[in-house]
**Student:** 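Just passing along the structure, written as structure tokens.
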Amino acid sequence: MPVIRVALSVPVDTLFDYQADDASEQDIGARACVPFGKKKLTGVIVAVGTETQIAAEKLKPAHCIFREIKPLPAALLDLFHFCNQYYHHPLGMVIMNGLPVKLRNNKAAILKRNPHDDCYVLTATGASIDLSSIPARNRVARNLLSEFQRAAALTALQVKQISPRAVKLIPEWIQLGWITVQPVSAARVTDTAKIPALTSGQASAVDAITASNQQFDTWLLHGVTGSGKTEIYLRIIEPMLAQDKQTLVLIPEISLTPQLEAIFRNRFPAVPLVSLHSGLNDTERLSGWLQAQSGAAKIILGTRLAVFTPLPNLGLIIVDEEQDSSFKQQDGLRYSARDLAIFRGKQANIPVVLGSATPSLESYHHALTGRYRHVRLLSRAVQNAALPSIRCIDTRINKTQDGLSQPLLQALDQCLKEKHQSLIFLNRRGYAPVLLCKSCGWSAACQRCSSRLVVHLRDKKLSCHHCGHQAQFPRACPHCGNQDITPFGQGTQRVEETLAAHFPSARILRIDRDSTRRKHAWQEILHAIQTQQVDILIGTQLLAKGHDFSNLALVGILNADNALYSTDFRASERLFAQLMQVAGRAGRANVAGHVLIQTEFPEHPLYQSLRQHNYDALAQTLLAERKIAGFPPYVYQALLRAEAHDIRIVLDFLDQAKQLAQSLETVELFDPVPAHMVRLKGLERGHVLVQSASRKHLQAFLTGWYEKLMTLPSQKVRWVLDVDPLEF
Ligand code: ADP
Ligand code: ZN
Ligand code: ZN
């Protein structure tokens, strides 16, 4: 009598046995729907056998095994097992977290033929139409045509992403003969004339990586901003396609997918590509996942979750902006998609390319010590595009008014006169405006988090950026009654107002979470920037990443200083990466770029390295500091995180947990402490830090500890192990 062992999404690290008369070894990796208590649950079969520890009368039959799609391949199951062991998280939760939502419920996965499989191609007639012949008020039509003229071909999904209204134009335009329909996989020819000749730096990078393409290696592709890393990706993907192999491309931000997707589709118009990110609905996501699983999709572009995609014919993995902390999941299974990508590369014995202008110190260290192979690009790819000049404005001398100094305002003015774009960048951390009473010092705080509420001037509301809690603007200070309470600090909205007052005729666009929340907001924003409908951009780190704005000449950076003296040992590394990236937005094509940083500490080594575009100088300094202080990458860390309604319960729990731990000479165990931000979303949080100079020792310790932790009564406390934590 066959017995299936099923991994279910429940918070205990065991498998559950069921009787399944029709099961065979072929079903390993298939989903099964089984009774669980009074409920039905669907999980994944990880083993099929005949033996079980469960008494025969207690062994329940499974409801059914789903066989409408192929079972998960062994390699993916191995990846899940690795996650289970390395991150010490229940296997069932690991697996179910990694599957598309539509595969987690108790239903068979039904997928209708997807009209999105079609693709529209611009005809010669369409290409010859002058954009200005479309009335300006007809914005959707204009955007759609200009996208077609840029990309030559668009999928139905891309059209929908431009605007739902654009979809309605398609039948009309087919009638007019502007576009034609083709199945996505139909062959089309790339316009080879548009492919740039590689710079010598790019050529040697491509040669080195492709030469070793049949074996595992981790490559750190370390190139200054604008050095043409994307072109390198395209060139190393090409031989994969020729061999009918799949490439997985991981990127940190969903906002970057459309841009990169367009570049890939342009270069490889005949190649089936899927993008997998949280902006898709469940059906779209399942469809992309299935195309990857069948091997039909050759390029899989996605955010961190895409690392769990089944890829039967994987040949290459690329992780763009590898230093980005969004590759690390910050709740539930706290995995690092970058690190798992390397595991997959090793598993499949294929190269993994980590791209960055400012690598994480971990990766840089590995490159220096020879664990990773280091490829450098020291200049920009576009001829005559130099790196931007970076200067500091000393705000002790040049006092700011409403956050802006005279030299910065003058530079903005100049830029406007020259009809170039400029960008004002606000370091969001600790920078949002708060409501402060100047007479008693009261400030508006969130009741559920230990954070201050952020002032939103436009809708006269206060809101918590951690939990979303909203409150009204009080008319007077609730503490002392003072009526003169004012927002303190500069938010994007305040800067926007100040700039609008200074430059009444400038077209200003503010980009923050509020303005990008709508589904297609990003596309519209990028389009507006690219078509020069904007003079001054104001934004936070959302803007810093990867975008290529050809007419951007000036970047002004406000108030980056507070990160210089943060208690987080990664703050300097992050600030440097962020400023380098945002500075890298300037002067990418034929426009010279200037960056002005307002600071009270112009002599700080971080700003000095930045001015000289000298990543190595700063990285070496920071590495030396880390070595002395005993921080990663010289040690390996893990946190036991716990949360409850009261910090005392948390610390008690952590104390007990600590006592359960085996004391080892090679592993250092610290005392329980409250988290940096104690209250979050109404819960109080604390942690115990564990570290070791040896990853192996740390892992052995965690395995033993995890088993004991599972036995602790923890009704009032939720806990999780966070291996290689990025936040404290
Ligand atoms: P990075 O990702 O390294 O910051 P990008 O890949 O965005 O840089 O490339 C920057 C710009 O250089 C892009 O506009 C790209 O089209 C251009 N570019 C890349 N390679 C070449 C090349 N070999 N010749 C000319 N232009 C290039
Ligand atoms: Zn809150
Ligand atoms: Zn007061």
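Read the numbers this way: they start at 1 and go in the same order the structure lists the ligands and their atoms. Just so you know, these numbers come straight off a predicted model, no measurement behind them. Below, all heavy atoms of this structure are taken into account, side chains as well, without hydrogens, waters or symmetry copies.
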**Student:** List the steps, then state whether side-chain hydrogen bond (donor to acceptor under 3.5 Å, both in side chains) holds for Q259 with E261.
**Tutor:** CA-CA 5 Å; Q259 198 188 1; E261 190 179 328; over 6 Å; no
**Student:** Between T225 and ligand 1, does any nitrogen or oxygen pair lie at a separation below 3.5 Å?
**Tutor:** no
**Student:** Could you pull out, from Q581, Q259, R235, Q202, the option with a heavy atom nearest to atom 23 (N) of ligand 1?
**Tutor:** Q202
**Student:** Would you mind telling me if ligand 1 is within reach of the side chain of S227, the backbone, both or neither, using heavy atoms under 4.0 Å?
**Tutor:** both
**Student:** Taking NZ, NE, NH1 and NH2 as the nitrogens, is one of them in D722 or K328 under 4.0 Å from a carboxylate oxygen of the other?
**Tutor:** yes
**Student:** Using a 4.0 Å cut-off to any heavy atom of T230, which atoms of ligand 1 qualify?
**Tutor:** 2 (O), 5 (P), 6 (O), 7 (O)
**Student:** List the steps, then state whether side chain to side chain contact (heavy atoms under 4.5 Å, CB included) holds for S463 with K461.
**Tutor:** CA-CA 6 Å; S463 95; K461 280 233 164 71; 5.7 Å; no
**Student:** Report yes if E231 has an N/O atom closer than 3.5 Å to an N/O atom of ligand 1; otherwise report no.
**Tutor:** no
**Student:** Report yes if some heavy atom in the side chain of T225 is under 4.5 Å from a heavy atom in the side chain of R585; otherwise report no.
**Tutor:** yes
**Student:** Before signing off on this row, confirm whether P196 and ligand 1 have an N or O atom pair separated by under 3.5 Å.
**Tutor:** no
**Student:** Should we count CZ of R611 as having more than 12 external heavy atoms under 6.0 Å?
**Tutor:** yes
**Student:** Of all the heavy atoms in G223, does at least one lie under 4.0 Å from an atom in ligand 1?
**Tutor:** no
**Student:** Once you measure the plane-to-plane angle for H374 and H222, does it fall in the parallel (<30°), tilted (30-60°) or perpendicular (>60°) bin?
**Tutor:** parallel
**Student:** Could you tell me which atoms of ligand 1, counted from 1 in the order shown, lie closer than 4.0 angstrom to a heavy atom of A197?
**Tutor:** 22 (C), 23 (N), 24 (N)
**Student:** Can you confirm, on distance only, whether ligand 1 has an N/O atom lying under 3.5 Å from any N/O atom belonging to G228?
**Tutor:** yes
**Student:** Tell me whether R452 at atom CZ has more than 12 heavy atoms from other residues, nucleotides or ligands lying less than 6.0 Å away.
**Tutor:** no
**Student:** Examine the proximity of ligand 1 to L198 and report which part, side chain or backbone, both or neither, has a heavy atom under 4.0 Å away.
**Tutor:** backbone
**Student:** Would you call D646 and R648 a side-chain contact if the rule is heavy atoms closer than 4.5 Å?
**Tutor:** yes
**Student:** Has C437 got an N/O/S atom less than 2.8 Å from the Zn ion (ligand 3)?
**Tutor:** yes
**Student:** Taking only heavy atoms of V382, which atoms of ligand 1 are found under 4.0 Å from at least one of them?
**Tutor:** 11 (C), 12 (O), 17 (C), 26 (N)
**Student:** State the atoms of ligand 1, each with its element, that fall below the 4.0 Å cut-off from a heavy-atom position in T199.
**Tutor:** 23 (N)
**Student:** Record the part of R380 in heavy-atom contact with ligand 1 below 4.0 Å; permitted values are side chain, backbone, both and neither.
**Tutor:** neither
**Student:** Going by atom types only, do S360 and R338 share a side-chain donor-acceptor pair under 3.5 Å?
**Tutor:** yes
**Student:** Under 2.8 Å from the Zn ion (ligand 2) - does any N, O or S atom of H469 fall there?
**Tutor:** no
**Student:** Without hydrogens or angle criteria, can the side chains of E147 and Q158 be said to hold a donor-acceptor pair below 3.5 Å?
**Tutor:** no
